[in-house]
Amino acid sequence: MSAVKTLVTPLDWGLGHATRSVPLIQKQLEQGHEVHLASSGRALAFLKVTFPDLPCHQLPDYAISYPKANLYWPMVRQLPKIIVTIAREQRVVRQLQQKIGFQQVISDQRYGCYIPGAFNAFVTHQLHLPLQDWFGGSGGQWMHETLIRKRFQECWVPDWEEAPGLAGDLSHPPFTGIKTRYLGPLSRLHKMEAPIQYRIAFVLSGPEPQRSIWEAEIREQVRAFPEEHFFLLQGKPEVPFFQEQEGNLTAAPHLDTAGLSLLFAQSGLIVCRSGYSTLMDLAVTGRPAWLVPTPGQPEQEYLARKLGAEGQFPWSKQEDFELAKCLNGL
């Protein structure tokens, strides 16, 4: 097979879209293809650190501001900005195409990243958006499906094909009118065995301001258990790496793939968001976890409830999170 010029474009809403793209990028490289990466913000920073030898391109930043509570009205107000950004990222992709001549685009949740005449794959675990209780939700679902069918030849779903899978009603049933491929969970992590060094590892992710709000709460709660040793992974790949010790808490802004795989193995419990990419990391590594969905994000709340009801992971809302309950459950 001759080398295919491939553009991979993960969304920059949290780190999950970028981290789950790692296995797809590695697969393209193993097949001998010429891979270019394009994103914005923390996702682009992560890609540059993870693949320092690959060319990276800047895409428009959605610059979505997230509320402290309900997501509905803030997202409705920002919808025009989202639509404009989709158009802007399409213009950037066309400009890149004129310079480089891509034959394939793998777009993780970026509706504007496609090239007419090339092979275009759309990566998402949300075939069905969690909008049932939102006014206008059916219209949002129709637009979601229409954009994917019109602009992409295939839809790639990082979940098991057999329902309910990991994402449940979000990823099942498959779309009609477009080829839907179930890839299984995608994770950059590897299952490892190691002696336990940390009672709990807090793995933070997702957008501001909730990431910082939760970090501050965690730092406050760990002080009440000085006899225990905790690790705090801040989820800030744009910050130069450092590791600090504050009492019984070890903290770092980010870890590479090997370091994060080791942290999972060395921790008695992972306390984390119920973002889908984090759930795939847990599925691949088989580690026990306590889920805390990001406030106001219905997808994470749905996934936490689903997995909690199945007996896979306990969970709590952020405002109800108590470290003592986690420790008592170990």
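For this chain, numbers begin at 1 and follow the sequence in order. This structure is a prediction, so every number in the text was calculated from the model and none was measured.
- Among all heavy-atom pairs drawn from Leu303 and Ser274, the shortest one is CD1-O, 3.6 Å.
- Looking at heavy atoms from C-beta onward, Arg219 lies in side-chain contact with Glu246 at the 4.5 angstrom threshold.
- Ring pair Phe102/His36 is perpendicular by interplanar angle, where above 60° counts as perpendicular and below 30° as parallel.
- Counting only distance, with no hydrogens or angles, the side chain of Tyr198 and the backbone of Leu269 share no donor-acceptor pair below 3.5 Å.
- When atom types are taken as modelled, the side chain of Gln221 and the backbone of Leu323 share a donor-acceptor pair closer than 3.5 angstrom.
- Asp159 places a side-chain N or O within donor-acceptor distance of the main-chain N or O of Leu166, the cut-off being under 3.5 Å.
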Decide yes or no on side-chain contact (heavy atoms from CB on, under 4.5 Å) for Arg199 and His229, but give the supporting numbers first. CA-CA 6 Å; Arg199 189 77 183 274; His229 194 189; 5.8 Å; no
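- A distance-only check finds no donor-acceptor pair linking the side chain of Asp320 to the backbone of Ser316 [under 3.5 Å].
- Side-chain polar atoms of Arg94 and Gln90 form a donor-acceptor pair below 3.5 angstrom.
- Rounded to the nearest 0.5 Å, atoms CD1 (Ile82) and CD1 (Ile86) are 7.0 Å apart.
- In terms of hydrophobic clustering, with Ile, Leu, Val, Met, Phe, Trp and Tyr side chains grouped at heavy-atom distances under 4.5 Å, Ile115 and Leu96 are assigned to a common cluster.
- Looking at every heavy atom in both residues, Glu299 comes nearest to Leu170 through CG-CD1, 3.7 Å.
- Using a 30° and 60° split on the angle between ring planes, His125 and Tyr276 fall in the parallel class, below 30°.
- Ion pairing between a basic and an acidic side chain is recognised when a charged N comes within 4.0 Å of a carboxylate O; Arg223 and Glu217 show no such pairing.
- In this structure, Ser212 contributes its side chain and Pro209 its backbone to no donor-acceptor pair below 3.5 Å.
- Contact check for Val93 versus Leu7: side-chain heavy atoms found under the 4.5 Å cut-off.
- The one candidate from Glu89, His144, Arg151 that meets the side-chain hydrogen bond (donor to acceptor under 3.5 Å, both in side chains) condition with Tyr111 is His144.
- Using a 4.5 Å heavy-atom threshold, the side chains of Ser205 and Thr278 count as touching.
- Under a hydrophobic clustering in which Ile, Leu, Val, Met, Phe, Trp and Tyr are joined whenever their side-chain heavy atoms come within less than 4.5 Å, directly or via other members, Val22 and Met280 fall into the same cluster.
- Shown here for Phe321 and Cys326, the closest heavy-atom pair between the two residues is CE1-SG, 3.4 Å.
- Listed for the Ser39 side chain is a donor-acceptor partner under 3.5 Å among the backbone atoms of Pro10.
- Using a 4.5 Å heavy-atom threshold, the side chains of Lys306 and Pro164 count as touching.
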Verdict with supporting geometry, His190 and Phe264, ring pair (Phe, Tyr, Trp, His ring centres under 6.0 Å): CA-CA 9 Å; His190 311 288; Phe264 270 51; over 10 Å; no
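- A salt bridge links Arg20 and Asp108; the closest N-O separation between the charged side-chain nitrogens and carboxylate oxygens is under 4.0 Å.
- A donor atom on one side chain and an acceptor atom on the other are not found under 3.5 Å apart for Thr85 and Arg110.
- Applying ring pair (Phe, Tyr, Trp, His ring centres under 6.0 Å) to Phe122 and the options Trp156, Phe175, Phe152 leaves one that passes, Phe152.
- By the criterion of side-chain heavy atoms lying less than 4.5 angstrom apart, applied directly or through intervening Ile, Leu, Val, Met, Phe, Trp or Tyr residues, Leu127 is grouped together with Ile178 in one hydrophobic cluster.
- Leu147 and Val105 are assigned to two separate hydrophobic clusters, defined by single-linkage of ILVMFWY side chains at heavy-atom distances under 4.5 Å.
- The backbone N or O of Tyr302 sits nowhere less than 3.5 Å from a side-chain atom of Gln300 that would complete a donor-acceptor pair.
- Interatomic distance, Ile213 CD1 to Glu319 CD, rounded to the nearest 0.5 Å: 11.0 Å.
- In summary, the side chains of Gln104 and Gln28 do present a donor paired with an acceptor at a separation below 3.5 Å, with no hydrogens or angles considered.
- Heavy atoms from other residues, nucleotides or ligands lying under 6.0 Å from CD of Glu227 number more than 12.
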side-chain contact (heavy atoms from CB on, under 4.5 Å) between Gln26 and Phe51, intermediate numbers included: CA-CA 10 Å; Gln26 292 172 333; Phe51 297 100; 4.2 Å; yes
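- Shortest non-hydrogen contact noted between Tyr182 and Ser171 is OH-O, 2.6 Å.
- Listed for the Gln210 side chain is no donor-acceptor partner under 3.5 Å among the backbone atoms of Thr294.
- Side-chain atoms of Leu186 and Leu24, non-hydrogen and from C-beta on, do get closer than 4.5 Å to each other.
- Between Phe46 atom CZ and Leu37 atom CG the span is 10.5 Å, to the nearest 0.5 Å.
- Rounding to the nearest 0.5 Å gives a distance of 9.0 Å between CG of Leu262 and CG of Leu255.
- The residues Arg181 and Glu161 are annotated as not salt-bridged, no charged nitrogen and carboxylate oxygen being separated by less than 4.0 angstrom.
- Lys5 places no side-chain N or O within donor-acceptor distance of the main-chain N or O of Val35, the cut-off being under 3.5 Å.
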Go through the steps for Phe202 and Phe230 under the test side-chain contact (heavy atoms from CB on, under 4.5 Å), then give the verdict. CA-CA 8 Å; Phe202 300 95; Phe230 305 101; 3.9 Å; yes
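- Distance alone, capped at 3.5 Å, places no donor-acceptor pair between the Glu154 side chain and the Ala121 backbone.
- In this structure, CD in Gln297 is found 9.0 Å from CH2 in Trp13, a value given to the nearest 0.5 Å.
- Scanning both residues, Ser40 and Gln58, for their nearest heavy atoms gives CB-NE2, 3.5 Å.
- Heavy atoms only, all atoms of each residue included: Leu282 and Cys272 are closest at CD1-SG, 4.0 Å.
- Both Leu233 and Leu279 are part of a single hydrophobic cluster, where members link through side-chain heavy atoms under 4.5 Å apart.
- With a 4.5 Å cut-off on side-chain heavy atoms, Val292 and Lys317 do not count as touching.
- Note: Ser261 OG to Asp281 CG = 8.0 Å, rounded to the nearest 0.5 Å.
- Side-chain atoms of Glu145 and Gln141 form a donor-acceptor pair, as typed in the model, at a separation below 3.5 Å.
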Please walk me through it: do His33 and Leu29 pass side-chain contact (heavy atoms from CB on, under 4.5 Å)? CA-CA 5 Å; His33 299 325; Leu29 294 173; over 6 Å; no
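- By the 4.0 Å N-to-carboxylate-O rule, Lys236 lies too far from Glu215 to be salt-bridged with it.
- Side-chain contact of Glu310 with Gln312: a donor-acceptor pair under 3.5 Å is present, judged by distance alone.
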